[in-house]
Amino acid sequence: MPELPEVETIAGGLASVACGRTIMEAVVRTPGIVPGTQEALSRRVAGRTVLGVRRRAKLLIMDLAGDLHLVFHLKMTGRVWVTHPAVDPNKHVHVVFLLDNGDRIFFEDQRKFGYCRLFSGSEIEAWPFYAGLGPEPLKIAPQEFAALFSGRTARIKSLLLDQGVLAGIGNIYADESLFRTSIHPRTRASEIPVPRLMELHRNLQAVLREAIDAGGSSFRDYRDAYGQPGQFQERFSVYGRKNQPCERCGTSLDTEKVAGRTSTFCRICQPPPER
DNA sequence: GGGATTGTTTAAAT
DNA sequence: GATTTAAACAATCC
């Protein structure tokens with residue numbers, strides 16, 4: 001499940017192979033996966049040079065010449081990767097972009113939850129989801145980070161996952177950063193003192209950077225731009241470790257639904273708030 | 001077959 | 001308005 005570090009890793013890999021290349025053609029292999037017809041998409045991207053590949057929140061964005069922006073959201077099982085011409089797309093590859101050197105970019109998604117859309121510059125700015133995204137966790141200063149939560153009575157986990165509050169955090173890095181800061185996911189944001197929020201800021205940035213350095217986490221389906229899995233899943237402290245011992249105190253880890261999502265935590269290291 | 005899994009939107013309830 | 005819960009979305013796994 002690609003979150004910030006995974007999309008960041010893909011963007012870096014894609015940038016190194018696609019920047020400066022020109023898209024020759026787009027092939028839509030699954031009808032309905034992109035709005036409009038294959039012909040319309042292909043006509044708009046053909047002949048466009050890839051100027052850059054970047055990440056915003058969990059979105060992977062290829063900036064094309066002519067103020068066009070190819071946007072991917074990978075959701076749960078989506079992948080974007082580059083192959084040599086000899087590799088045949090499997091049945092879950094929904095869109096193929098052919099580059100001028102023969103390499104091909106595959107948009108693959110086993111469950112078809114993800115999407116691929118083409119925007120002009122003004123269209124992407126007017127897109128409510130994009131316009132409403134909160135600040136990037138790796139760019140925000142500690143004081144500003146703490147201010148995001150002031151006066152908020154919602155649970156900290158719910159706000160960490162809220163893309164309008166903070167962009168790019170999903171279930172993995174929410175749980176990992178809360179564990180590192182010894183905060184129970186059900187704690188109300190307003191009950192967390194500012195110095196503790198600043199610790200959360202530091203730990204969140206640290207876990208994101210460590211994950212990026214490790215090439216992301218491949219808990220299930222994630223692969224980088226070259227089809228390779230990441231390594232950070234081997235360093236999870238809590239995510240997916242229900243009933244395994246807490247690495248700090250040895251207590252068996254618990255799970256609880258918070259903000260509608262399974263949250264894994266240590267009931268000793270992260271004491272639960274009053275209900 | 002029921003429940004869980006992913007992120008996001010939308011609707012309804014509190 | 002803020003917050004919470006649930007459903008819906010597609011497909012798969014246990």
Side-chain angles (χ1 to χ4, degrees), chain A residues 1-10 29-35 55-61 71-80 90-95 107-117 119 124 126-134 136-137 147-177 184-192 208 211 216-223 229-230 232-233 236 238-243 253-264 273-275:
Chain A
M1 336 68 211
E3 301 180 24
L4 187 157
E6 290 73 38
V7 180
E8 185 81 22
T9 301
I10 297 169
R29 307 175 75 248
T30 306
I33 198 81
V34 289
R55 176 196 61 77
R56 169 72 172 120
K58 298 170 195 168
L59 298 172
L60 177 67
I61 305 177
V71 175
F72 302 89
H73 196 310
L74 304 178
K75 296 284 180 85
M76 188 176 180
T77 52
R79 298 175 178 174
V80 174
N90 65 46
K91 66 175 182 178
H92 299 301
V93 174
H94 306 302
V95 188
F107 171 54
E108 172 180 359
D109 191 355
Q110 192 181 162
R111 302 194 186 175
K112 293 201 268 188
F113 256 34
Y115 52 78
C116 163
R117 294 182 198 165
F119 293 89
I124 198 170
W127 179 25
F129 175 69
Y130 188 85
L133 288 170
E136 284 290 330
L148 297 175
F149 305 102
S150 74
R152 301 296 300 262
T153 60
R155 333 232 117 148
I156 186 66
K157 168 102 182 229
S158 160
L159 295 176
L160 286 175
L161 293 176
D162 186 336
Q163 301 298 296
V165 173
L166 199 61
I169 308 302
N171 213 15
I172 294 174
Y173 299 101
D175 277 5
E176 293 296 315
S177 62
H184 191 287
R186 194 164 16 86
T187 311
R188 295 195 181 273
S190 55
E191 314 246 310
I192 306 173
L208 293 174
S217 305
S218 298
F219 192 66
R220 285 210 176 84
D221 300 281
Y222 164 75
R223 295 294 184 273
F232 193 72
Q233 66 282 359
F236 287 165
V238 286
Y239 184 84
R241 298 192 63 237
K242 179 183 184 179
N243 294 336
L253 297 174
D254 291 326
T255 62
E256 196 176 297
K257 284 261 187 198
V258 180
R261 315 296 303 281
T262 298
S263 305
T264 311
E274 305 289 323
R275 285 198 179 256

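Order of the sequence lines fixes the chain letters, A, B, ..., with proteins taken first and strands second; residue numbering starts at 1 for each chain. Heavy-atom basis, side chains included; hydrogens, waters and symmetry copies ignored.
The distance from atom NZ of A/Lys157 to atom CZ of A/Arg186, rounded to the nearest 0.5 Å, is 12.0 Å.
For the OP1/OP2 pair of C/dT4 and a distance below 4.0 Å, the side-chain nitrogens and oxygens of A/Arg155 include at least one atom meeting the criterion. A close approach under 4.0 Å does not occur between any side-chain nitrogen or oxygen of A/Ser158 and OP1 or OP2 of C/dT3. Contact check, A/Tyr239 against B/dT6: a side-chain N or O comes under 4.0 Å of OP1 or OP2. Distances shorter than 4.0 Å separate some side-chain N or O of A/His73 from OP1 or OP2 on B/dT8. Phosphate proximity of B/dT8 to A/Arg261: absent, as no side-chain N or O sits under 4.0 Å from OP1 or OP2. Between A/Thr153 and C/dT3 there is a side-chain N or O to OP1 or OP2 distance below 4.0 Å. OP1 or OP2 of B/dT6 sits under 4.0 Å from a side-chain N or O of A/Asn171.
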**Message:** Across nucleotides 9-14 of chain C, 5' to 3', mark each nucleotide with B, S or - according to how protein heavy atoms within less than 4.0 Å reach it.
**Reply:** BBBS--

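At distances below 3.5 Å, at least one donor-acceptor pair connects side-chain atoms of A/Gln163 with backbone N or O atoms of A/Leu161. Of the possible donor and acceptor atoms, one in the side chain of A/His94 sits under 3.5 Å from a partner among the backbone N and O of A/Asp109. The backbone N or O of A/Thr77 sits nowhere less than 3.5 Å from a side-chain atom of A/Gln110 that would complete a donor-acceptor pair. Using modelled atom types, no side-chain atom of A/Glu8 and backbone atom of A/Arg55 make a donor-acceptor pair closer than 3.5 Å. The backbone N or O of A/Ile169 sits less than 3.5 Å from a side-chain atom of A/Lys58, completing a donor-acceptor pair. Between the side chain of A/Glu136 and the backbone N or O of A/Ala57 there is at least one donor-acceptor pair closer than 3.5 Å. Here the side chain of A/Asp175 pairs a donor or acceptor atom with the backbone of A/Thr264 at under 3.5 angstrom.
For the pair A/Leu160 CG and C/dT3 P, the interatomic distance rounds to 14 Å; values are reported in whole Å. The distance between atom OH of A/Tyr130 and atom C1' of B/dG7, rounded to the nearest whole Å, is 18 Å. B/dT6 atom P lies 17 Å from atom CZ of A/Arg79, rounded to whole Å. Atom-to-atom, CG of A/Leu161 to P of B/dT5 comes out at 13 Å; the value is rounded to the nearest Å. Atom CG in A/Leu133 sits about 12 Å away from atom C1' in B/dG7, given to the nearest Å. In this structure, CD of A/Glu3 is placed 14 Å from C1' of B/dT8, rounded to the nearest angstrom. Protein atom CZ of A/Phe149 is 16 Å distant from nucleotide atom C1' of C/dA2, rounded to whole Å. As rounded to whole Å, 13 Å separates atom C1' of B/dG7 from atom CD1 of A/Ile169.
Distances from the side chain of A/Lys257 to the nucleotides B/dT5, B/dT8, B/dG7 place B/dT5 closest.
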**Message:** Just to be sure I follow the notation: if a pair is Watson-Crick (purine N1 to pyrimidine N3 plus N6-O4 or O6-N4) or a G-U wobble (N1-O2 and O6-N3), each under 3.5 Å, what dot-bracket string does DNA chain C give, with | for pairs to another strand?
**Reply:** .|||||||||||||

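Between A/Phe129 and A/His73, the ring planes lie tilted relative to each other; the angle falls in the 30° to 60° range. Ring geometry, A/Phe72 versus A/Phe107: the interplanar angle falls from 30° to 60°, so the pair is classed tilted.
Within the nucleic acid shown, A/Gly170 comes within 4.0 Å of sugar-phosphate atoms alone, with no base atom in reach, counting heavy atoms only. Residue-level contact check: A/Lys242 touches neither bases nor backbone, having no heavy atom under 4.0 Å from any strand.
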